[in-house]
Visitor: 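Attaching a single structure in structure tokens format; questions to follow.
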Amino acid sequence: MWHLYEDVLGDQWRSLIYRKTVNKLRSLPYKVTSVEQIREMYGVGKSLVKMVKEILGTGQLQKLDNLKAQVGEIQVLGSVWGIGAIQARELYKKGFRTVKDLENYSSLTSMQRMGVKYYDDINLRIPRDEVADTEKFVRGVVETLAPGAWVNAAGSYRRGKPTCGDVDILITHPDGSRFTSLRCCTHSSHLHLLCSHQDLLARLGGTQPDMFMGIFHFQGKPYRRIDIKVYPRHVYAFALLAFTGNDVLNRKIRFLARVKFGYKLSDQGLFIRESKKKDVWFTESIPCETEREIFEKLGLDYPEPHDRNW
DNA sequence: CAACAGTGCAA
DNA sequence: TTGCAC
DNA sequence: GTTG
Ligand SMILES: O=c1ccn([C@H]2C[C@H](O)[C@@H](COP(=O)(O)OP(=O)(O)OP(=O)(O)O)O2)c(=O)[nH]1
Ligand SMILES: [Mg+2]
């Protein structure tokens, strides 16, 4: 259901609510057998209760079946990396129906081309052991380029998930002044070390985090989606927090930071508003060495990574 | 009825 | 500015 | 879709 709203309808809010609700119900220690069990839940309103009631009663959801029938083959197009709801409809109008149809289409972005090329591999889950191996591999490569650098796998791996959708890796250097040399790790001249071919995107942001999002392949495993981000040491805690997620937790604490303290929290720091009314913020972050300090500053108990699966 | 997180790249 | 992604 |  939420995939439909995300990939085809482009309704970010319904998509978010449906996803959150499914996760909430899944995480309950029991099976939902009656709507009374969920009626009180925060974020579950009368419309969702009605849906759950229908599913409990009939084992299906008419609204979902109708939608599926309506969108048909558009959905698979929207599930390609780099193709969203708008482009999926656009491509459908142009006559594309399957991922295979897109293989020889020339006006795709580079991200979309990779999404099409590795569609099947990308959709496989990655066992966490393989993520650990990937982390070690990247650490080895980075060590030769910038000795002493820190390399950590974050994302769902760090949250302890048994399988992951992709590999998320963060890099910094304990010696802040080595930042520049670190950034070369993600420069094109070294990317082949990580990917052994041209299929990746390198994004060279302005001054701050350097990042690349691409495809990683080693040890004869399937082709995997990988994101690597380089941050300066002094914001590493913020980056680690942000990149560990999950996304729902990030949004929750960022919301709290803003409404309760008037702060702006991001992967690059915690900022105070400079002038009362306007959207102007101090450029210097409130310093935090560790994730724990960030939670403390926001008046929250520290959750271990495995308790951040919201 | 507005807000729902904040950021960065490609087109 | 919009679309898409993290 | 839900909340305030
Ligand atoms: O909209 C988003 C998406 C992601 N993130 C952060 C949190 C997330 O944990 C991390 C990595 O993103 P990814 O998409 O890889 O999610 P994941 O939590 O690692 O799950 P998966 O197993 O699907 O990769 O980036 C956000 O803050 N906002
Ligand atoms: Mg991930």
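Only heavy atoms go into these numbers, but all of them, side chains included; no hydrogens, no water, no symmetry mates. The chains referred to below are lettered A, B, ... by the order of the sequence lines, with proteins before strands, and numbering in each begins at 1.
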Visitor: May I ask you to say what A:Gln12 touches in the nucleic acid, namely base, sugar-phosphate or nothing, with a heavy-atom cut-off under 4.0 Å?
Guide: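 Nothing: the residue A:Gln12, judged by heavy atoms under 4.0 Å, touches no strand.
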Visitor: Is any side-chain nitrogen or oxygen of A:Lys20 closer than 4.0 Å to OP1 or OP2 of D:dT3?
Guide: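 False: A:Lys20 side-chain N/O out of range (4.0 Å or more) of D:dT3 OP1/OP2.
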Visitor: With a 4.0 Å cut-off on heavy atoms, is A:Ile253 in touch with a base, just the backbone sugar-phosphate, or nothing at all?
Guide: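 No contact.
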Visitor: Establish, with yes or no, whether the OP1 or OP2 oxygen of D:dG1 is under 4.0 angstrom from a side-chain nitrogen or oxygen of A:Arg14.
Guide: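 Looking at the OP1 and OP2 atoms of D:dG1, one of them is under 4.0 Å from a side-chain N or O of A:Arg14.
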Visitor: Let me know the distance between CG of A:Asp279 and P of B:dT7, rounded to the nearest Å.
Guide: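 That distance rounds to 9 Å.
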Visitor: In whole Å, I'd like the distance from the CZ atom of A:Phe271 to the P atom of B:dG6.
Guide: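 The distance from CZ of A:Phe271 to P of B:dG6 comes to 12 Å, rounded to the nearest Å.
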Visitor: Identify every side-chain donor-acceptor pair in residues 25-33 of chain A under 3.5 Å, counting partners at least two apart or on other chains, and give the distances.
Guide:
residue: A:Ser27; atom: OG; partner: A:Asn23; partner atom: O; Å: 3.4
residue: A:Ser27; atom: OG; partner: A:Lys24; partner atom: O; Å: 2.9

Visitor: Which ILVMFWY residues can you reach from A:Tyr42 by hopping between side chains whose heavy atoms are under 4.5 Å apart?
Guide: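 Direct or chained contacts put A:Tyr42 with none.
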Visitor: Heavy atoms under 4.0 Å, any strand shown: does A:Asp227 hit a base, just sugar-phosphate, or nothing?
Guide: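 Sugar-phosphate contact only.
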Visitor: Look at the side chain of A:Ser266 and decide which nucleotide, out of C:dA5, B:dT7, D:dG1, has an atom nearest to it.
Guide: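 In terms of side-chain proximity for A:Ser266, the closest of C:dA5, B:dT7, D:dG1 is B:dT7.
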Visitor: Under 4.0 Å, counting only non-hydrogen atoms across every strand here, what does A:Arg19 touch: a base, just sugar-phosphate, or nothing?
Guide: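 Since no nucleic acid heavy atom lies under 4.0 Å of A:Arg19, the category is nothing.
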Visitor: So, is A:Tyr263 close to the B:dG6 phosphate, meaning a side-chain N or O under 4.0 Å from OP1 or OP2?
Guide: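 Checking A:Tyr263 against B:dG6: no side-chain N or O falls below 4.0 Å of OP1 or OP2.
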Visitor: Of all the choices, C:dC6, C:dC4, D:dG1, which nucleotide is nearest to the side chain of A:Ile17 once you look at every atom?
Guide: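 The closest nucleotide is D:dG1.
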Visitor: Please report, rounded to the nearest Å, how far the P atom of C:dA5 is from the CD1 atom of A:Ile215.
Guide: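 For the pair A:Ile215 CD1 and C:dA5 P, the rounded distance is 13 Å.
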Visitor: How is A:Met51 classified with respect to the nucleic acid when contacts are heavy atoms under 4.0 Å: base, sugar-phosphate, or nothing?
Guide: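 A:Met51: backbone/sugar contact only, no base atoms under 4.0 Å.
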Visitor: Test of understanding: clusters of I, L, V, M, F, W, Y form through side-chain heavy atoms closer than 4.5 Å, transitively. Do A:Leu270 and A:Leu300 belong to the same one?
Guide: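 Per the 4.5 Å side-chain linkage, A:Leu270 and A:Leu300 are co-clustered.
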Visitor: So what does A:Lys252 hit on the nucleic acid, given a heavy-atom distance under 4.0 Å: a base, only sugar-phosphate, or nothing?
Guide: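 Here A:Lys252 touches no strand at all.
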Visitor: Donor-acceptor pairs are to be reported for all side-chain atoms of residues 303-310 of chain A against protein atoms at under 3.5 Å, with residues two or more places apart or in another chain.
Guide:
residue: A:Arg308; atom: NE; partner: A:Pro303; partner atom: O; Å: 2.9
residue: A:Arg308; atom: NH1; partner: A:Glu291; partner atom: OE2; Å: 2.9
residue: A:Arg308; atom: NH2; partner: A:Glu291; partner atom: OE1; Å: 3.2
residue: A:Arg308; atom: NH2; partner: A:Tyr302; partner atom: OH; Å: 3.1
residue: A:Arg308; atom: NH2; partner: A:Pro303; partner atom: O; Å: 3.0
residue: A:Asn309; atom: OD1; partner: A:Arg159; partner atom: NE; Å: 2.6
residue: A:Asn309; atom: ND2; partner: A:His306; partner atom: O; Å: 3.2
residue: A:Trp310; atom: NE1; partner: A:Asp307; partner atom: O; Å: 3.3

Visitor: Apply the hydrophobic cluster definition, ILVMFWY joined by side-chain contacts under 4.5 Å directly or through others, and give me every member besides A:Phe255.
Guide: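 Result for A:Phe255 is A:Val259.
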Visitor: A:Gln268 side chain: which of C:dC6, B:dT7, D:dG1 is closest?
Guide: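 Of the candidates, B:dT7 comes closest.
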Visitor: Atom CD of A:Glu90 to atom P of C:dC4: distance rounded to whole Å?
Guide: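 Rounding to the nearest Å, CD of A:Glu90 and P of C:dC4 are 10 Å apart.
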Visitor: Could you point out which residue of A:Ile74, A:Val71, A:Val8 forms a side chain to side chain contact (heavy atoms under 4.5 Å, CB included) with A:Tyr92?
Guide: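 With A:Tyr92 as partner, side chain to side chain contact (heavy atoms under 4.5 Å, CB included) holds for just one option, A:Ile74.
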Visitor: Anything under 3.5 Å between a donor and an acceptor, one on a side chain of residues 132-141 of chain A, the other on a protein residue two or more places apart or in another chain? List them.
Guide:
residue: A:Thr134; atom: OG1; partner: A:Glu130; partner atom: O; Å: 2.7
residue: A:Glu135; atom: OE2; partner: A:Arg139; partner atom: NH2; Å: 3.2
residue: A:Glu135; atom: OE2; partner: A:Ala153; partner atom: N; Å: 2.8
residue: A:Arg139; atom: NE; partner: A:Val151; partner atom: O; Å: 3.3
residue: A:Arg139; atom: NH2; partner: A:Val151; partner atom: O; Å: 2.6

Visitor: Of the nucleotides B:dT7, D:dG1, B:dA11, which has the atom closest to the A:Thr109 side chain?
Guide: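 Output: B:dA11.
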Visitor: Rounded to the nearest angstrom, tell me the gap between atom CE in A:Met41 and atom C1' in D:dG1.
Guide: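 After rounding, the reported distance stands at 14 Å.
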Visitor: Among B:dG6, C:dA5, D:dG4, find the nucleotide with the atom closest to the side chain of A:Lys264.
Guide: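 Nucleotide nearest to A:Lys264's side chain: B:dG6.
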Visitor: Answer yes or no: does a side-chain N or O of A:Tyr18 lie under 4.0 Å from OP1 or OP2 of D:dG1?
Guide: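 Checking A:Tyr18 against D:dG1: at least one side-chain N or O falls below 4.0 Å of OP1 or OP2.
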Visitor: Side chain to side chain contact (heavy atoms under 4.5 Å, CB included) for A:Arg258 and A:Lys264? Distances and angles first, verdict last.
Guide: CA-CA 6 Å; A:Arg258 187 177 275 267; A:Lys264 181 175 67 166; 4.3 Å; yes
Visitor: When the distance from CG of A:Leu270 to P of B:dA5 is rounded to whole Å, what number comes out?
Guide: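 Interatomic distance, CG of A:Leu270 to P of B:dA5: 17 Å.
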Visitor: Between A:Leu16 and A:Leu108, which has a closest nucleotide on DNA chain B that is more 5'?
Guide: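 Its nearest nucleotide lies further toward 5', so the answer is A:Leu16.
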Visitor: Provide, to the nearest angstrom, the distance between the CG atom belonging to A:Asp168 and the P atom belonging to C:dA5.
Guide: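 The distance from CG of A:Asp168 to P of C:dA5 comes to 15 Å, rounded to the nearest Å.
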Visitor: Please report, rounded to the nearest Å, how far the P atom of C:dA5 is from the CD atom of A:Gln112.
Guide: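 Distance, rounded to whole Å: 8 Å.
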Visitor: Between protein and nucleic acid, restricted to nucleotides 1-4 of chain B and to nitrogen or oxygen atoms under 3.5 Å apart, what atom pairs and distances do you find?
Guide:
residue: B:dC4; atom: N4; partner: A:Trp13; partner atom: NE1; Å: 3.3

Visitor: Taking only the P atom of each, what is the distance from C:dC6 to B:dC4 in whole angstrom?
Guide: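 The answer is 23 Å between these two P atoms.
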Visitor: Looking for any heavy atom pair under 4.0 Å, which part of the strands does A:Lys24 touch: base, sugar-phosphate only, or nothing?
Guide: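 Nothing, no nucleic acid heavy atom in range.
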Visitor: Using a cut-off of 4.0 Å on non-hydrogen atoms, how would the nucleic acid contact of A:Leu48 be classed: base, sugar-phosphate, or nothing?
Guide: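 Sugar-phosphate: the residue A:Leu48, judged by heavy atoms under 4.0 Å, touches backbone atoms but no base.
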Visitor: Using the C1' atom on both, measure D:dT2 against B:dT7 and round to a whole Å.
Guide: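 That atom pair is separated by 26 Å.
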Visitor: For A:Ala257, which contact category applies under a 4.0 Å heavy-atom criterion: base, sugar-phosphate, or nothing?
Guide: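 Result for A:Ala257 = nothing.
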Visitor: Within the supplied structure, the quantity of interest is the number of heavy atoms (other residues, nucleotides, ligands) at a distance under 6.0 Å from A:Asp65 CG; does it exceed 12?
Guide: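 Yes, the 6.0 Å shell around CG holds more than 12 heavy atoms from other groups.
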Visitor: Across the strands shown, which category fits A:Val49 at heavy-atom distances under 4.0 angstrom: base, sugar-phosphate, nothing?
Guide: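 Nothing, no heavy atom under 4.0 Å.
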